[in-house]
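Before any comments, here is the structure.
Note that the numbering runs from 1 along the sequence shown for the chain.
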Amino acid sequence: MRRAIVIPLLAGAVLFGAWLLFRPRPAAVAPESPAVVAPVVPAPRAPVSPPERPTPGPLPSGPAWFTDMSADSGVDFVHQSGDSSEKPFPSANGSGLATFDFDLDRRPDLLFATGNPFPVDPATARQANRCYRNRGGWRFDDVTAPSGLGHRGYTHGVAVGDVDADGFPDLFLACYGADVLYRNNGDGTFAVVTSGVEDPRWSSTGVFFDADADGLLDLFVCRYGKWTPEDNPFCGDRARGRRVFCSPMTVEPEADSLWHNDGDGSFRDVTADAGLDGRPVRGLGVVATRLDDDEWIDLYVANDLNPNQLFLGGPDGRFRDASDLSGTAFDSLGRVKSSMGVDAADTTGSGRCDLIVTDFEGEYDLFFANAGGGTFHDASERSGIGPPGLPLVGWGVQFADFDADGREDLIIANGHVGDERREVRGADGLRQPLLVLGNRGTRFAPVPAASLGTAFTELHQGRAVVAADLDGDGDADLAFNHRDEPAALLRNDAAPAAAGPLPLLIRLVGTRGNRDAVGASATLRAASGPTQHRPVKGGGGYLSARDPRLAFSVPRDEPTAGLEIRWPHGRRSTVAGLAAGREYVVVEPAADDAAPTVVDLGGLR
């Protein structure tokens, strides 16, 4: 009798497990107003309390983590979203920025992207992207005109990569309208090139990486959807003539593209050949790095109210869609999220990259912990990352070791959408606080605004943020492109000056692989302190391009450091005797049994 009962129970359990695995996913829930007339502004998707303005409180006895350097920097850029009473959908998403050393003087320069009023005509557009050359000492010169980088149109995302392998970084603009590729001429100027990537579909961002291991950087472009000013549905209160931004669900998604670098200045569409011709999605964030345990570079794409996507690379230049089986397409309850920014980092010293995805109000910012073998689990709550962002709308995101303890911390730029929120929540309905989460080894915890500095007691329409060493002292400073606000620059003062660790900056250069070494990584194992594993990533963040150098913190009682380097596609090198407090270039050896070339660029300031 017991056996007769157990067998049906086991069969039922198997069937139930199969149903759980293959059950239809719940339909996505729109984050904002539906595409129907509503008498009032719709409530948020979940009952959450609005964020409170951070209170300054007493500053700590030591210096605050960050000092606002914007006022005297020479950076006078102000973003223009193109928002209007018509509520053109692209204007909600904002624009990104790039930190890139275009003149190779070891100082990261800045490019800020902007939108324009709709309809957009590059011939008559008022606003232009702005480029600033880093002179050092927190002074920047506007070189937009002489550099040739003053694109007038509607730019969302920026990607940086040395596409012709000449040593100088080139630039890609993802636009509403035709995308743009700039070649760096090596003399401080750029030229627009006709390369084949000038796709007129609405693009949001892009990433350079070597998809097929031929040593040249290919280009993956995320697209958002199909929208025109002429086909802009009315959402809001029609009786009052009051429009609000429609839900993303009103925008038909568009397919992403992979462009192969043919090495002669041209690119061709290989999306289908690479196995990336899947379902159209509203892409907003992308990062390229190794996410499983093999030697091939992978792609992770954050999508707005579409399932997120993980594509695992292989030796033949083809990708396998592992989105569902990896655990990274949905949250732990199988729900589609309003994903926007994305980044990857080894947060525990395991040698594997975890993933962070920013999301809408009422949703946790997602944290996917890497379990190995191309699988992840949703650790948003257990990690401490998810709950602090619940009342916020997260966009830009960066992993960086802000306090020089060897662990990668996290910053998230937040801000709501739609100026109608001023009627509901007052003057600060759109603006929200920045969020910094300190990595405590096993969990992340919010860092109080009083410890961070006065810039973190302010509210912004946060969108893009990039962490980069802007002043040459080895730590991660911050640059922001807020929506419809002036740009902001923050100097990092968090590292203890006397007894704390010393910085070490490394730039990896590929020879047999791609010159930018995207897909490589370096690991520092100190006698004291955590293991520091730093990958060279393509993309990451939100619509922006980051500093490609790898930053380490070396204990002060260890005068030299050694690195284990894993080059793209599996080759290994070891470098010893690197002096802390300096910057180096490490060049991939041409032969398997040769040592890498190490160039000492001098001391950090």
Side chain [X], main chain [Y], donor-acceptor under 3.5 Å:
| X | Y | result |
| --- | --- | --- |
| Tyr300 | Thr289 | no |
| Asp354 | Asn370 | yes |
| Ser204 | Cys222 | yes |
| Asn481 | Leu97 | no |
| Asp401 | Gly406 | yes |

In this structure, is the centre-to-centre distance between the rings of [Y] and [X] below 6.0 Å?
| X | Y | result |
| --- | --- | --- |
| Phe112 | Phe77 | yes |
| Phe360 | Trp395 | no |
| Tyr182 | Phe172 | no |

Using a strict threshold of under 4.0 Å (side-chain N to carboxylate O), is an ion pair present between [Y] and [X]?
| X | Y | result |
| --- | --- | --- |
| Arg201 | Asp179 | no |
| Lys337 | Asp331 | yes |
| Asp199 | Arg223 | yes |
| Arg491 | Asp68 | no |
| Asp292 | Arg290 | no |

Side-chain H-bond candidate by donor/acceptor type, [X] with [Y], under 3.5 Å:
| X | Y | answer |
| --- | --- | --- |
| Arg282 | Asn306 | yes |
| Tyr132 | Asp109 | no |
| Asp547 | Thr99 | no |
| His460 | Glu485 | yes |
| Ser339 | Asp359 | yes |
| Gln432 | His416 | no |
| Trp227 | Asn232 | yes |
| Asp378 | Ser380 | yes |
| Asp365 | Thr358 | no |
| Gln309 | Asp321 | no |

For Phe444 and Phe399, take the angle between the two ring planes, folded into 0 to 90°, and tell me which bin it lands in: parallel under 30, tilted 30 to 60, perpendicular over 60.
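Taking Phe399 first and then Phe444, their aromatic rings sit tilted (interplane angle of 30° to 60°).
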Taking the side chain as every heavy atom from C-beta outward, state whether Ile506 and Leu508 have any pair of such atoms under 4.5 Å apart.
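They are in contact (side-chain heavy atoms under 4.5 Å apart), so the answer is yes.
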Would you check if Phe368 and Ser326 make a side-chain contact, meaning some heavy-atom pair closer than 4.5 Å?
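They are not in side-chain contact.
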With Tyr224, which of Phe89, Tyr176, Tyr154 fulfils ring pair (Phe, Tyr, Trp, His ring centres under 6.0 Å)?
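Only one option passes, and that is Phe89.
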Knowing that exactly one of Asn116, Asn129, Thr114 qualifies, which makes a side chain to side chain donor-acceptor pair (under 3.5 Å) with Thr155?
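By the side chain to side chain donor-acceptor pair (under 3.5 Å) criterion, Thr155 pairs with just one of Asn116, Asn129, Thr114: Asn129.
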Testing His156, His482, His79 for side chain to side chain donor-acceptor pair (under 3.5 Å) with Ser95, which one passes?
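Exactly one option meets the side chain to side chain donor-acceptor pair (under 3.5 Å) with Ser95, and it is His79.
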Please determine whether ring-ring contact (aromatic ring centres under 6.0 Å, His included) holds for the pair Phe209 and Phe220, giving the CA-CA distance in whole Å, both sets of side-chain angles, and the decisive distance to 0.1 Å.
CA-CA 8 Å; Phe209 73 112; Phe220 182 82; 7.0 Å; no
Considering residues, nucleotides and ligands other than Arg440, do more than 12 of their heavy atoms fall under 6.0 Å from its CZ?
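Counting other residues, nucleotides and ligands, CZ of Arg440 exceeds 12 neighbours.
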